[in-house]
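All figures in this text were calculated on a predicted structure; none of them were measured in a lab. Position 1 is the first residue of the sequence, and the numbers go up from there.
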Amino acid sequence: MSKFKKKTKAETSIPTSALPDIIFMLLFFFMVTTVLRDQEILVEQKIPQATQLQKLQKKSLISYLFIGKPKNTSLYGSEPRVQANDVLVTAPDIVQWVNQERDKLPEADRGMITISMKVDKDVKMGPISDVQTELRNADARRVLYASTGKIYED
């Protein structure tokens with residue numbers, strides 16, 4: 001007669017063979033869903049405070065203009081400049097820039113392009129007025145003025 005031995009200890013190890021697959025799935029998920037800043041801001045930005053703010057619904061239709069004193073004053077001077085995407089532009093270049101931004105949108109949404117102006121609070125009205133005139137010439141009628149809900153201290 002043979003004796004059967006009963007195991008008294010149960011193995012409690014956790015299988016780790018699927019762990020690399022899980023890590024790579026998480027890594028891929030975060031790489032796909034993370035939005036990186038697509039523009040480097042070349043001008044100073046102290047956005048003015050506003051009391052009534054409205055959140056935008058469709059951000060894909062928005063193109064951004066930044067207006068402020070250049071960060072690199074030795075290269076660009078100290079007068080306020082306009083930044084469109086990653087380059088500093090002059091007021092006459094804005095019509096061409098708006099048309100390029102419009103061409104990036106789907107055909108049905110081109111009339112709904114919205115220009116968001118992020119203007120430093122220390123910029124005088126002259127450069128802003130020049131940009132507004134050029135936006136009218138480009139038939140960009142939907143203009144937003146970006147602001148924050150908090151107060152900046154000097």
Using 0.5 Å steps for rounding, measure from the [atom1] atom of [X] to the [atom2] atom of [Y].
X      : Y      : atom1 : atom2 : answer
Gln132 : Tyr145 : CD    : OH    : 3.5 Å
Trp97  : Leu135 : CH2   : CG    : 7.5 Å
Ile67  : Arg81  : CD1   : CZ    : 12.0 Å
Ile62  : Leu144 : CD1   : CG    : 6.0 Å

Problem set entry | With Ser17 via side-chain hydrogen bond (donor to acceptor under 3.5 Å, both in side chains) - residues at least two apart |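 None.
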
Please name all residues satisfying side-chain hydrogen bond (donor to acceptor under 3.5 Å, both in side chains) with Tyr76, sequence neighbours left out, ordered by chain then number.
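Listed in chain order: nothing, the list is empty.
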
Task: Side-chain donor or acceptor of Thr114 paired with backbone N/O of Met112 under 3.5 Å - done: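 Flag set: sc Thr114 to bb Met112 pair under 3.5 Å.
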
| said: Side-chain heavy atoms nearer than 4.5 Å, only ILVMFWY residues, links allowed to pass through others: does that put Leu19 and Leu26 together? | reply: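 Looking at the clustering, Leu26 is in a separate group from Leu19.
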
Would you kindly say whether Glu101 and Asn85 are connected by a side-chain donor-acceptor distance under 3.5 Å?
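Short answer, yes.
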
Indicate whether the side chain of Thr90 and that of Asp93 have a donor and an acceptor atom separated by less than 3.5 Å.
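Indeed, the side chains of Thr90 and Asp93 share at least one donor-acceptor pair under 3.5 Å.
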
Checklist entry - Got Val131 and Pro127 here, is their nearest side-chain heavy-atom distance under 4.5 Å? => result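 No, side chains not in contact.
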
- Message: How close do Met117 and Ile128 get, counting heavy atoms only, and between which atoms?
- Response: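 Heavy atoms of Met117 and Ile128 come nearest at CE-CG2, 3.8 Å.
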
